[in-house]
Amino acid sequence: MDEQALLSLIQKVKNGLLDENELVRQIKAMPFRDLGEVKFDTHRALRKGFAEIVYCPGKSESQLESIASALADVEANILFSRATAGQYEIIHRHLTDAVFHEKARLIGVRRNELPPCPGLTVITAGSSDVPVAEEAAVTAEYMGCTIERLYDVGVAGIHRLLAHVDVLQRSRAIVAVAGMEGALPSVVGGLVSCPVVAVPTSTGYGANLGGIAPLLTMLNSCASGISVMNIDNGLGAGYFAALVVRQSK
């Protein structure tokens, strides 16, 4: 139950359409809904500013159906992460307004038009890093951010990045996604005054070690103002960057 739903219930009590005892019962149920194998956090939007994001890998069809049914009347924006096309078909049967963002592997339901919040830029070193970047960008868009995308601007051809210095320097936050050796966030961090959220990806040859090499590069960056997400964690980066941008308005 989000804030709008709670206010709606209170208004129903005032109008005599809902019994006070029923209001109390529903408020008690706010922290989470027990769906058996799934305990869905209905209170997260009130605590965190955005509803629970459902992680899809490993979830059974019945679990996804239970969650989707529980979300049918929710008025907040909804995200399902790391979803497949098959999982989208299951969820769409219960949430007909759901949209599958295939490249980002996200299923989204947009029910709350948030005030536009500009200033977030998402960049990638290479085109192979785009899926992780899209996960970050789409997550932030559902949190109300307007995104500037700059893809394939890595240090192998640094003139591609320098051509967009004006965009970078007017940003309120930047998500920089890179595989291989992961040098891009350090370069960007030396050019801008805003926070840079670095995301290492598993893109690269053997010594990339599935993303560990760029992770260590980013953790050891000599540029200030860089925070580092886990390998391939575009969702975490988009969420964090959106919070930064929303609070900097």
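Excluded from the calculations below are hydrogen atoms, water molecules and symmetry mates; all remaining heavy atoms, backbone and side chain alike, are included.
- When all heavy atoms of Ala104 and Val138 are compared, the closest pair comes out as CB-CG2, 4.0 Å.
- Here the CG-CD1 distance, from Leu219 to Ile212, works out to 11.5 Å after rounding to the nearest 0.5 Å.
- The environment of OH in Tyr88 is crowded: more than 12 heavy-atom neighbours from other residues, nucleotides or ligands sit within 6.0 Å.
- Among residues at least two apart or in separate chains, side chain to side chain donor-acceptor pair (under 3.5 Å) pairs with a member in residues 118-130 are Thr121-Ser171, Asp129-Thr201, Asp129-Thr203.
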**Request:** Just do the side-chain contact (heavy atoms from CB on, under 4.5 Å) check on Leu191 and Leu162 with the steps written out, would you?
**Result:** CA-CA 9 Å; Leu191 294 172; Leu162 298 179; 4.2 Å; yes

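- Between Leu79 and Val54 there is no side-chain heavy-atom pair separated by less than 4.5 Å.
- Gln87 places a side-chain N or O within 3.5 Å of a backbone atom of Thr84 that can act as its donor or acceptor partner.
- In this structure, the side chains of Leu235 and Tyr55 stay at 4.5 Å or more apart for every pair of heavy atoms.
- Here CZ of Phe240 is found 5.5 Å from CE of Met229. Values are rounded to the nearest 0.5 Å.
- Side chain of Ser227 to backbone of Val197: no donor-acceptor contact under 3.5 angstrom is found.
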**Message:** I'd like to know whether Ile53 forms a side-chain contact (heavy atoms from CB on, under 4.5 Å) with Phe80, so could you lay out the CA-CA distance, the side-chain angles of the two residues, the decisive distance to 0.1 Å, and finally the verdict.
**Reply:** CA-CA 6 Å; Ile53 298 173; Phe80 294 80; over 6 Å; no

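- Between Ala140 and Gly238, the closest heavy-atom pair is CB-O, 3.8 Å.
- Of the inter-residue distances, the one linking Glu181 atom CD with Leu216 atom CG reads 13.0 Å to the nearest 0.5 angstrom.
- Summarising the geometry of Leu184 relative to Ala178, their closest heavy-atom pair is CB-CB, 4.0 Å, with the distance given to 0.1 Å.
- By the 4.5 Å heavy-atom criterion applied to side chains, Asp166 and Gln169 are not counted as neighbours.
- Two residues are said to be in side-chain contact when any heavy atoms from C-beta on lie closer than 4.5 Å; Val192 and Val165 fail this criterion.
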**Request:** Take Arg172 and Arg246 through the test side-chain contact (heavy atoms from CB on, under 4.5 Å) and record every step on the way to the result.
**Result:** CA-CA 9 Å; Arg172 290 175 172 165; Arg246 283 166 53 170; over 6 Å; no

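- Arg111 has its side chain within reach of Val109: a pair of non-hydrogen atoms, C-beta onward, lies under 4.5 Å apart.
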**Request:** Would you sort out whether Glu141 and Arg149 count as a salt bridge (charged side-chain N to carboxylate O under 4.0 Å, His left out), showing the intermediate values?
**Result:** CA-CA 12 Å; Glu141 284 175 336; Arg149 290 168 167 85; 3.1 Å; yes

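- With values rounded to the nearest 0.5 angstrom, Ile107 atom CD1 is found 9.0 Å from Leu95 atom CG.
- When hydrophobic clusters are built by joining Ile, Leu, Val, Met, Phe, Trp and Tyr residues whose side-chain heavy atoms come closer than 4.5 Å, directly or via intermediates, Leu215 is not grouped with Val132.
- Under a hydrophobic-cluster definition in which Ile, Leu, Val, Met, Phe, Trp and Tyr are linked whenever side-chain heavy atoms come within less than 4.5 Å, directly or via other members, Val196 and Met180 are assigned to different clusters.
- Within the 4.5 Å cutoff, side-chain heavy atoms of Ile174 are placed close to those of Cys194.
- No donor-acceptor pair closer than 3.5 Å links the side chain of Thr96 to the backbone N or O of His92.
- Salt-bridge check for Glu65 with Lys59: failed, with every basic side-chain N at 4.0 Å or more from each acidic carboxylate O.
- Asp152 CG to Ile123 CD1: the interatomic distance, rounded to the nearest 0.5 Å, is 11.5 Å.
- When side chains are defined from C-beta on, Val199 does not count as touching Asp232, because their heavy atoms never get closer than 4.5 Å.
- Residue Pro57 comes nearest to Ser81 through the heavy atom pair CD-O, 3.8 Å, listed as atom of the first residue, atom of the second, then distance.
- Closest heavy-atom contact between Pro118 and Val245: O-CG1, 3.4 Å.
- At least one side-chain heavy atom of Leu120 sits under 4.5 Å from a side-chain heavy atom of Val175.
- For Arg160 (side chain) and Gly157 (main-chain N/O), a donor-acceptor pair under 3.5 Å exists by modelled atom type.
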**Request:** Please step through side-chain contact (heavy atoms from CB on, under 4.5 Å) for the pair Leu150 and Val167, ending with a clear verdict.
**Result:** CA-CA 9 Å; Leu150 300 175; Val167 175; 4.1 Å; yes

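- Residues Val244 and Val228 do not share a hydrophobic cluster, defined by chaining ILVMFWY side chains whose heavy atoms lie under 4.5 Å apart.
- With sequence neighbours excluded, the residues forming a side-chain contact (heavy atoms from CB on, under 4.5 Å) with Asn208 are Pro214, listed by chain and number.
- In the hydrophobic clustering of this structure, Val177 does not group with Val187; members are Ile, Leu, Val, Met, Phe, Trp, Tyr whose side-chain heavy atoms approach within less than 4.5 Å, directly or through other members.
- Smallest separation of non-hydrogen atoms from Ala237 and Ala136: CB-CB, 4.5 Å.
- Rounding to the nearest 0.5 angstrom, the gap separating the CG atom in Asn112 from the CG atom in Asn77 is 5.5 Å.
- Both Leu168 and Ile226 are part of a single hydrophobic cluster, where members link through side-chain heavy atoms under 4.5 Å apart.
- In summary, Glu135 and Arg82 engage in a salt bridge, as defined by a charged side-chain N under 4.0 Å from a carboxylate O.
- Applying the ring pair (Phe, Tyr, Trp, His ring centres under 6.0 Å) test to residues at least two apart or on different chains, the pairs with a partner in residues 124-155 are His101-Tyr142.
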